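Okay, so here's the structure we're looking at.
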Amino acid sequence: MTPLNLSGSLRRPGSKTGPTKRDFTTPMSTERYNAPEREKHWQHAWETGRIFEASEDESKPKCYVLEMFPYPSGRIHMGHVRNYAMGDVFARYKRTKGFNVLHPMGWDAFGMPAENAAMERKVHPGKWTYANIDTMRGQLKSMGLSLDWSREIATCSPDYYQHQQKLFLDLLNKGIAYRKSSKVNWDPVDHTVLANEQVIDGRGWRSGALVEQRELTQWFFKITDYADELLRDLDTLTNWPEKVRLMQANWIGRSEGMLIRWALDSKTAPKNISELEVYTTRPDTLFGASFLAVAADHPIARAASENNVKLAEFCDECRRMGTSVAEIEAAEKRGFDTGIRATHPFDPNWQLPVYVANFILMDYGTGAIFGCPSGDQRDMDFARRYELPVVPVILPPGEDAATFALKNKAYEDDGVMMNSRFLDGLSTQTAFEEAAMRLEEQILNGKPQGARKVNFRLRDWGISRQRYWGCPIPVVHCADCGVVPVAETDLPITLPEDATFDKPGNPLDRHPTWKHCPCPKCAKPAQRETDTMDTFVDSSWYFVRFTAPKSQKPVDKKAAQYWLPVDQYIGGIEHAILHLLYSRFFARAMSDTGHLSFATNTREPFAALFTQGMVTHETYLSQDGYWLLPTDVRFEGDGSTRKAVEIATGRPAAIGSIEKMSKSKKNLVDPDDIIAHYGADCARWFMLSDSPPERDVIWTEAGVAGAGRFIQRVWRIVDDIAEKYPDASLKRPAEFGADALEVRKAAHRALDQVGRSIEALRFNVAVANVHEFANVLQSALGKGGPDMAYAAREAASFLVTMIGPMMPHLAEECWARLGYNRLLANEPWPSVEAPLLVDDQVTIAVQVNGKRRDELVISRTAKTEDVEAAALKLEPVIRALEGRPVKKVIVVPQRIVNVVG
RNA sequence: GCGGACGUGGUGGAACGGUAGACACACAGGACUUAAAAUCCUGAGUUCGAAAGAGCGUGUGGGUUCGAGUCCCACCGUCCGCACCA
């Protein structure tokens, strides 16, 4: 191992720079801690020591800590700083607790921005991406993260995506990847298809363009085959935020219902169509049915349109209806009577009209419903508009059947069945079962008329993208053989270097030679698939690849079994559905194709998830209406008189709302500037302070400056102690005086609290614990006798240990200053002496009728009667009782006394 | 519309049902300094009071409890997710 240069501390015992006589009660001039300079030193020491490189060490418990890897957009931003600071605190802390920690980093390196850059600046997407990676790697290194850089991966490298192509071939072979023609979301700006998850409010998640519907043949992953498992296993993710689990559950959208086939009256039905299948979750309300409705694209609608011009027009109108929220909300519930009549399943003499309705979705259920106006608001609105019957079938609890009536508000909850013949008097649930049972037994056209069916809202994941900068889909289209997978020996299918980006459309498709190849099966001329994979595929298994990033196979199963699942995953809430659902699916699909098996009884990739809040900042608007960078303004006054002035013009600028840092609002702070000025530790410390990690944090200059002051303060405290008590190998005295004991108690208590806080990812509380301890330690300095030497050095080393995960450079510097010629990064978290955590004397509050009147200092082990007696003697208690007799005294040992009188 | 989260000083926020406001930022006063910065000390929820002390205080209104920021119900407000899902 390379010898470490640990002698770089600012000061050493015997250094000439400080005064020889120290008085700890008065301030003294101390050399300031030069963060930017010392941080480089320690980063170098860690790197040459290769101490963050992980290997499968069976002698220790493993801990896989992962933060969502960044897209190499060019520069890191404050959101990255916060995310990676949090992950690093946890990773470093776990190291001190004896875990074998894997903490890797890589690049989500495929994607549109690189292609946009190619179009705008005529740089190849690969060149642009790798240049960005180099810049950002340097920035991340300057943060002093405990990352294993030997495992770095970039998804745009064939070293990575060739394995993804192998995974694809196996998914294809297993039927999990398949091709179908369907309506897809088309992003007219990015010229590509989007998955449902990637359409937000009717717009593309990246481009913001209004998404159009197009009919295209595309590649899909059969995530719906896993819908049930993905939903069910959410319950096992007890260390995930409740919110994320709920969002995924809603997105998967499981509903239990029935498929019911309705016989169509042959006199009215289109040729060769004798029945209509609907999906319903409420077979119990069948007697409240007053119409059936189908989507405009439903085969019955199409058939009926053939000789009905008006109906055809109506269907066209429905198809043209926009997909944006505004349009959907504005659209009224409208329908068109096809003239077709259907027979009620429980009454051959009851016929219902079949409408085409604009609110029925072809791709949910069967694209057809029966409408029960009394039990569904949407059906109610429709019925009122077309004057269809409204028959109440559910009597709400507490209502009288004789008087119960519905106006224009449907009753959608449970109750007791009414107007429902054989179902009358049953509960909603029993009626469901009864109706379902009868429909299952009833035969229509040789088959049971009803079948129970679980339905999901989740759709299959469309992964085809008509773009260049993505993982090529390894198949060939042959005129004779159809879709033929590329032979594994021919992988990787790499992207051509000489693509052009001067016009919109798919550069792979228009490349003169790339797509031409012989058919792998028959060797005749054929064409490669020119679509590439959605970049979310890349990020769906990168955490697996990190466990053996240089493996010749996609996954080294032994390494994956050792490391997976990820013990703590940290990232943004914005991936609650997309990335986190896809990754959960992929873990299962990879295990079903034999690539992955977990050591424990789970198929979940991320055992614990934490979603951190965003970084926000004030916004500044110039008089001319353009946004200003924080560095473009200076401030005058404070509090309510605080005003911003545009530096360049000297004119006042408006201080706007606090918002997420964004390029468009220019409320940005560059991490490089902060690190160069205050140091990485300062940026990290501030990011961890004050705001709970799951909430947004407001970046303020004052806050950073405060963090910077605290760094100097820690340095001074440690420096003072090292100066006064330079002996690093002191023996523990047998006895401690009161002052030393107090310091020791504070130190052990703080160590305990900080450890617990970090363990629970409550970094703001950990920071407060450290502050509190620093206050105690500082005010205790200078007191005490010879026993203080040990206590103070112990306290100082505890202080250094507990800031270690959060401000690792400062901690190393302090550690060296204390004279330990070792890297703190390799030191264990000290063990707490439990007896020091409990006090002999406790202060307990004394209440009278629940109101605090005084407090009592009493032995921790005092008997209840003694506590009660002492409390009743207190003068404020007697006064508060105002002579009333004491009815009862509640004593909670070591906590509180409540006198009831 | 449906689902969910959250409402605590000037600010960010602490608080196993048990002394609300820890800790920090900002502020004010003082010490040091020729001065500033830095540092150190002190103060501070609010009302009344010179003080001791007392009243009121965790969005609003109820409830459970010896005791509620915390649990339950209703309402108001803010934010987030989904959105014709049958």
Side-chain angles (χ1 to χ4, degrees), chain A residues 25-30 32 200-201 241-244 246-251 253-255 257-258 278-282 285 293 321 325 328-329 331-333 357-361 363-372 375-379 381-382 412 455-458 573 576-577 638-640 642 686 689-692 694-698 700-707 709-710 712-713 716 762 764-775 778-779 843-856 876 879 887-892 894-901:
Chain A
T25 56
T26 55
M28 62 196 107
S29 66
T30 300
R32 285 175 66 79
I200 294 147
D201 293 343
E242 192 59 46
K243 182 183 169 68
V244 174
L246 187 71
M247 280 166 71
Q248 290 210 355
N250 289 341
W251 188 263
R254 184 181 197 272
S255 58
M258 288 202 92
V278 307
Y279 179 73
T280 180
T281 55
R282 298 298 299 272
T285 63
M321 193 174 74
V325 188
I328 287 170
E329 278 188 350
E332 282 180 90
K333 315 249 167 304
N358 64 351
F359 58 87
I360 308 298
L361 307 173
D363 60 357
Y364 190 83
T366 59
I369 62 152
F370 79 80
C372 172
D376 183 294
Q377 191 56 45
R378 189 194 49 195
D379 295 346
D381 296 344
F382 191 81
E412 303 188 347
N455 201 32
F456 293 95
R457 185 182 166 279
L458 181 71
I573 186 80
I577 309 274
D638 44 45
S640 56
R642 183 165 167 271
F686 175 58
S689 313
D690 291 351
S691 287
E694 69 279 6
R695 261 190 247 176
D696 291 353
V697 64
I698 305 168
T700 62
E701 191 59 34
V704 188
R709 284 198 299 274
F710 185 69
Q712 297 301 337
R713 188 157 158 236
R716 270 196 314 276
R762 291 163 51 83
N764 59 323
V765 179
V767 166
N769 298 148
V770 172
H771 276 135
E772 202 167 4
F773 175 48
N775 289 344
Q778 186 164 24
S779 57
T843 306
I844 60 178
V846 180
Q847 300 179 334
V848 175
N849 294 332
K851 226 176 191 358
R852 195 194 77 97
R853 292 297 168 181
D854 203 356
E855 53 187 38
L856 195 59
R879 201 169 352 122
K887 288 189 199 138
K888 182 152 72 156
V889 181
I890 287 131
V891 178
V892 181
Q894 294 157 52
R895 298 215 82 95
I896 206 161
V897 180
N898 191 9
V899 179
V900 185

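Please read all numbers here as calculations on a predicted model, not as lab measurements. The sequence lines fix the lettering, A, B, ..., with proteins before strands; numbering per chain opens at 1.
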Heavy atoms only, 4.0 Å cut-off, all strands: where does Asn769(A) land among base, sugar-phosphate and nothing? nothing

Over all strands shown, is Ile573(A) touching base, sugar-phosphate only, or nothing at heavy-atom distances under 4.0 angstrom? nothing

For RNA chain B, what string of dots and brackets results from 5' to 3' when Watson-Crick and G-U pairs need both distances under 3.5 Å, crossing pairs get [ ], and pairs with another strand get |? (((((((..(((.....[....))).(((((.......))))).((((....))))..(((((..]....))))))))))))....

Name all residues meeting the side-chain contact (heavy atoms from CB on, under 4.5 Å) criterion together with Glu701(A); count only those two or more places apart in sequence or in a different chain, and write none if there are none. Tyr678(A)

Sequence-distant partners of [X], side-chain hydrogen bond (donor to acceptor under 3.5 Å, both in side chains), two or more places apart:
X: Glu242(A); result: Arg245(A)
X: Gln712(A); result: none
X: Arg713(A); result: Asn775(A), Gln778(A)
X: Asp363(A); result: none

Determine the interatomic distance between [atom1] on [N] and the same-named atom on [M]; round to the nearest Å.
N: C71(B); M: U64(B); atom1: C1'; answer: 8 Å
N: U78(B); M: C32(B); atom1: C1'; answer: 48 Å
N: A54(B); M: C6(B); atom1: C1'; answer: 35 Å
N: U70(B); M: A5(B); atom1: P; answer: 16 Å
N: C75(B); M: A26(B); atom1: P; answer: 42 Å

Taking OP1 and OP2 of A83(B), is either one under 4.0 Å from a side-chain nitrogen or oxygen of Arg457(A)? yes

Compare side-chain N and O positions of Tyr364(A) against OP1 and OP2 of A86(B) and report whether any pair is under 4.0 Å apart. yes

Protein within reach of the bases, or only the backbone? For nucleotides 50-65 of chain B, mark each nucleotide 5' to 3' as B, S or -, using heavy atoms under 4.0 Å. ---SSSS---------

Contact letters for nucleotides 1-20 of chain B, in which S counts primed atoms plus P, OP1 and OP2 and B counts the base, heavy atoms under 4.0 Å: --SS-------BSSSB-BB-

Under 3.5 Å, is there an N or O donor on one side and an acceptor on the other linking the side chain of Lys888(A) and the base of C66(B)? no

Evaluate Ile896(A) against Ile844(A) for side chain to side chain contact (heavy atoms under 4.5 Å, CB included), listing each step before the verdict. CA-CA 5 Å; Ile896(A) 206 161; Ile844(A) 60 178; 5.7 Å; no

Report, one pair per line, the protein and nucleotides 42-48 of chain B atoms (nitrogen or oxygen only) whose separation is under 3.5 Å.
none

Qualifying residues under ring-ring contact (aromatic ring centres under 6.0 Å, His included), relative to Phe686(A), sequence neighbours excluded: Trp699(A)

Phe370(A): ring-ring contact (aromatic ring centres under 6.0 Å, His included) partners, not counting sequence neighbours: Trp262(A)

By salt bridge (Lys or Arg N to Asp or Glu O under 4.0 Å), Asp376(A) pairs with (sequence neighbours left out) Arg378(A)

